[in-house]
Amino acid sequence: MGMMVSARRVGAAAHEVRYEFGFADRFDRILVLDPRTLRARVEDGHFDAAASAITAKIVSSWRDLGDLPQRVLFAS
């Protein structure tokens, strides 16, 4: 079974970048990424497959482009 997770950046500070994310444009969760360490956490405390997939996509984009993306989509 496939999975589609999308995220959009909603805030950025020196110590954290915040993304709303969810399945198929249903932005119902918040991912918080530390841009210095690239460690991520989810505000609801449930770091599941969707959170892991979108975090990997954000970090991959950062490595490719040198900046954290405004929007990102993971599809499998």
Taking all non-hydrogen atoms of both residues into account, name the closest pair between [X] and [Y] and its distance.
X: V32; Y: R18; answer: CG2-NH1, 3.5 Å
X: G22; Y: D28; answer: CA-OD1, 3.9 Å
X: A7; Y: F21; answer: CB-CB, 3.7 Å
X: L73; Y: K57; answer: O-CE, 3.2 Å
X: A13; Y: P35; answer: O-CG, 4.2 Å
X: F23; Y: A50; answer: CZ-CB, 3.7 Å

Worksheet item: Can any side-chain N or O of S76 pair as donor or acceptor with the backbone N or O of M3 at less than 3.5 Å?
Response: yes
Worksheet item: Any donor and acceptor pair, going by atom type alone, linking the side chain of R39 with main-chain N or O of L33 inside 3.5 Å?
Response: no
Fill in: Interatomic spacing from CZ in R71 to OG in S61 - rounded to 0.5 Å
13.0 Å
Item to complete: Could you grab the distance from atom CG of D48 to atom CD1 of I54, nearest 0.5 Å is fine?
Response: 11.5 Å
Are [X] and [Y] connected in the hydrophobic side-chain network, where two residues link if heavy atoms are under 4.5 Å apart?
X: F74; Y: L38; result: yes
X: V59; Y: F47; result: yes
X: I30; Y: I58; result: no

Practice prompt. Indicate yes or no: does R41 engage E43 in a salt bridge with an N to O separation below 4.0 Å.
Written response: no
Fill in: Test: R8 cationic atom under 6.0 Å from Y19 six-membered ring centre, within 45° of axis
no
Worksheet entry | Heavy-atom side-chain proximity of H15 to D34 below 4.5 angstrom | no
